[in-house]
K.L.:
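Below you will find the structure I want to go over with you.
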Amino acid sequence: VVSLRQPTRHTDGSTALVSMLRRAWSLSRLLAILVCTGTSPAGVRGLARPTSGTPGIAPSWRSDKPRKRLMEIPKNMRKHLVFSSAVTGNSVSVVKRQKETMQHVLMKVVLWATFSDQYSDLAIEHDIGDRYTPDCVALDHRNGVPVFWGECGRIDMSKIESLLVRFPETHLVFAKWDINPVGFAAQVSHVLTERKLTGDVNVEEHDPSVGAVDVVSVPSDTEDLFFARKG
């Protein structure tokens, strides 16, 4: 995780832009994610085929060969998956769209698992009436403004700039699959600097998540590290 903007006290009047490795993954949160269910591909009906009982084999359907790994689900398949956390007991339902990669699905679930204890109403792919639909979002119920916005995978810098400008107090997280986050973080940092979207904040009087901007690299072995089949 690279944090680009967070509340920081500066006695010398310098900018509050901070670029550093701020925190490591919390394995106690992520290792508890469990794959619970799967549904048939769109337009196909049938009963679930029993699995062999071997740990890690996900539910399958008669029209679909058994798949031992989430990453084996084809890009062109639509599939409904439910994930739950043994730590919080919370569950989230995710519909993998046709032409959506499983990398993108897993990144969304990783963000949900990482931040759902901080944002209790965190949702995946929830339409908030904005021109963009966030991959993960939590709203301030008093005014409907996002307090958390997560984006996964490819994202144009114009979209990043739009989010930074329109939601200056929103905790923004940009997740990428298996990259060195420093390079991408530098691009986001450039937007922050060019638009002068930084400033001095007294950390003693400010929630550190308000206005924070994080760039996250999700490791390529995420499924092995953080996911398991329930039962």
Side-chain angles (χ1 to χ4, degrees), residues 1-2 25-26 29-42 56 58-60 64 67-85 90-116 119 122-128 130-138 146 148-164 167 170-185 187-188 213-229:
V1 178
V2 176
W25 288 107
S26 173
R29 296 175 187 172
L30 297 179
L31 287 175
I33 301 175
L34 304 176
V35 180
C36 296
T37 63
T39 64
S40 62
S60 184
D64 182 27
R67 302 186 190 282
K68 296 182 179 181
R69 298 174 54 81
L70 288 167
M71 293 294 289
E72 292 180 358
I73 298 175
K75 183 178 180 179
N76 62 354
M77 176 180 289
R78 185 181 187 274
K79 203 169 185 69
H80 176 243
L81 299 165
V82 179
F83 300 86
S84 64
S85 170
N90 296 330
S91 297
V92 65
S93 177
V94 182
V95 176
K96 179 200 168 298
R97 303 182 302 272
Q98 285 185 320
K99 298 185 179 180
E100 182 181 19
T101 66
M102 278 307 300
Q103 287 96 326
H104 192 253
V105 173
L106 296 188
M107 282 191 286
K108 291 186 290 188
V109 178
V110 164
L111 290 191
W112 171 82
T114 305
F115 294 101
S116 60
Y119 303 98
L122 192 62
I124 292 179
E125 296 279 3
H126 177 60
D127 186 356
I128 62 172
D130 192 78
R131 54 180 156 170
Y132 300 123
T133 299
D135 288 321
C136 291
V137 68
F148 178 92
W149 186 306
E151 285 290 328
C152 302
R154 295 179 181 177
I155 179 171
D156 293 334
M157 295 308 296
S158 59
K159 181 177 181 180
I160 291 176
E161 182 174 355
S162 172
L163 296 178
L164 291 169
F167 303 114
T170 299
H171 183 183
L172 298 175
V173 178
F174 303 109
K176 293 284 190 176
W177 186 263
D178 195 33
I179 66 166
N180 182 336
V182 176
F184 180 70
Q187 299 178 51
V188 180
V213 179
D214 295 328
V215 173
V216 176
S217 178
V218 178
S220 60
D221 56 350
T222 287
E223 180 176 357
D224 297 324
L225 290 174
F226 306 138
F227 291 82
R229 183 180 184 276

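Heavy atoms only: backbone and side chains are in, while hydrogens, waters and symmetry mates are out.
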K.L.:
Taking C-beta and beyond as the side chain, do D224 and R69 meet within less than 4.5 Å on heavy atoms?
P.N.:
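With C-beta onward as the side chain, the pair touches.
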K.L.:
Given the rule in the side-chain contact (heavy atoms from CB on, under 4.5 Å) test, do V218 and L106 qualify, once you have shown the distances and angles that lead to the verdict?
P.N.:
CA-CA 9 Å; V218 178; L106 296 188; 6.0 Å; no
K.L.:
On a heavy-atom basis, which atom in L70 and which in M102 lie closest, and how many Å separate them?
P.N.:
O-CG, 3.2 Å
K.L.:
What pair of heavy atoms forms the shortest contact from I124 to C136, and how long is it?
P.N.:
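Scanning both residues, the minimum pair turns out to be CG1-SG, 3.9 Å.
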K.L.:
How would you list, by chain and number, every residue that makes a side chain to side chain donor-acceptor pair (under 3.5 Å) with E125, sequence neighbours excluded?
P.N.:
R97, K108
K.L.:
Rounded to the nearest 0.5 Å, how far does CG of L111 lie from CG of D214?
P.N.:
10.0 Å
K.L.:
Just do the side-chain contact (heavy atoms from CB on, under 4.5 Å) check on L81 and V109 with the steps written out, would you?
P.N.:
CA-CA 10 Å; L81 299 165; V109 178; over 6 Å; no
K.L.:
For H80 and V95, run side-chain contact (heavy atoms from CB on, under 4.5 Å): C-alpha distance rounded to whole Å, both residues' side-chain angles, the deciding distance at 0.1 Å, then the answer.
P.N.:
CA-CA 4 Å; H80 176 243; V95 176; 3.9 Å; yes
K.L.:
So, taking the atom named CD1 in I155 and the one named CG in L163, what distance separates them when rounded to the nearest 0.5 Å?
P.N.:
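These two atoms lie 6.0 Å from each other.
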K.L.:
Considering residues at least two apart in sequence or located in another chain, which fulfil the side chain to side chain donor-acceptor pair (under 3.5 Å) criterion with W177?
P.N.:
none
K.L.:
Given side chains that start at C-beta, do those of E100 and R78 come closer than 4.5 Å, heavy atoms only?
P.N.:
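A side-chain contact is absent here, since even the closest heavy-atom pair is not under 4.5 Å.
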K.L.:
If you round to the nearest 0.5 Å, how far is CH2 of W112 from CG of D135?
P.N.:
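Spacing of CG (D135) from CH2 (W112) equals 15.5 Å.
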K.L.:
Looking at I179, is its backbone amide N or carbonyl O close enough to the side chain of S217 to form a donor-acceptor pair, meaning the two atoms are under 3.5 Å apart?
P.N.:
yes
K.L.:
Considering residues at least two apart in sequence or located in another chain, which fulfil the ring pair (Phe, Tyr, Trp, His ring centres under 6.0 Å) criterion with F174?
P.N.:
none
K.L.:
Using the test side chain to side chain donor-acceptor pair (under 3.5 Å), find all partners of S162 that sit at least two apart in sequence or belong to another chain.
P.N.:
R131, R166
K.L.:
On a heavy-atom basis, which atom in V137 and which in P146 lie closest, and how many Å separate them?
P.N.:
CG2-CB, 4.1 Å
K.L.:
Measure from the side-chain N and O atoms of D156 to the backbone N and O of S158, and report whether any donor-acceptor pair falls under 3.5 Å.
P.N.:
no
K.L.:
Could you tell me whether the side chain of K96 and the main chain of M77 form a donor-acceptor pair under 3.5 Å?
P.N.:
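Answer holds: yes.
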K.L.:
Hey, could you give me the CE/NZ distance between M107 and K176, rounded to the nearest 0.5 Å?
P.N.:
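Atom-to-atom, M107:CE and K176:NZ are 8.0 Å apart.
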K.L.:
How would you list, by chain and number, every residue that makes a side chain to side chain donor-acceptor pair (under 3.5 Å) with E151, sequence neighbours excluded?
P.N.:
W149, K159
K.L.:
Quick check against the 3.5 Å criterion: does H104 have a side-chain atom that pairs as donor or acceptor with the backbone of C152?
P.N.:
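Yes, because the side chain of H104 sits within donor-acceptor range (under 3.5 Å) of the backbone of C152.
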K.L.:
Return the set of residues passing salt bridge (Lys or Arg N to Asp or Glu O under 4.0 Å) with K75 (not counting sequence neighbours), or none when no residue passes.
P.N.:
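With neighbours one apart ignored, the set is empty.
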K.L.:
Say you draw a straight line from CG of L164 to CE of M157; how long is it, rounded to the nearest 0.5 Å?
P.N.:
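Going from CG on L164 over to CE on M157, the span is 8.0 Å.
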K.L.:
Parallel under 30°, tilted from 30 to 60°, perpendicular over 60°: which one fits the rings of F148 and Y119?
P.N.:
tilted
K.L.:
Could you grab the distance from atom CG of N90 to atom OG of S116, nearest 0.5 Å is fine?
P.N.:
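One finds 5.5 Å between CG of N90 and OG of S116.
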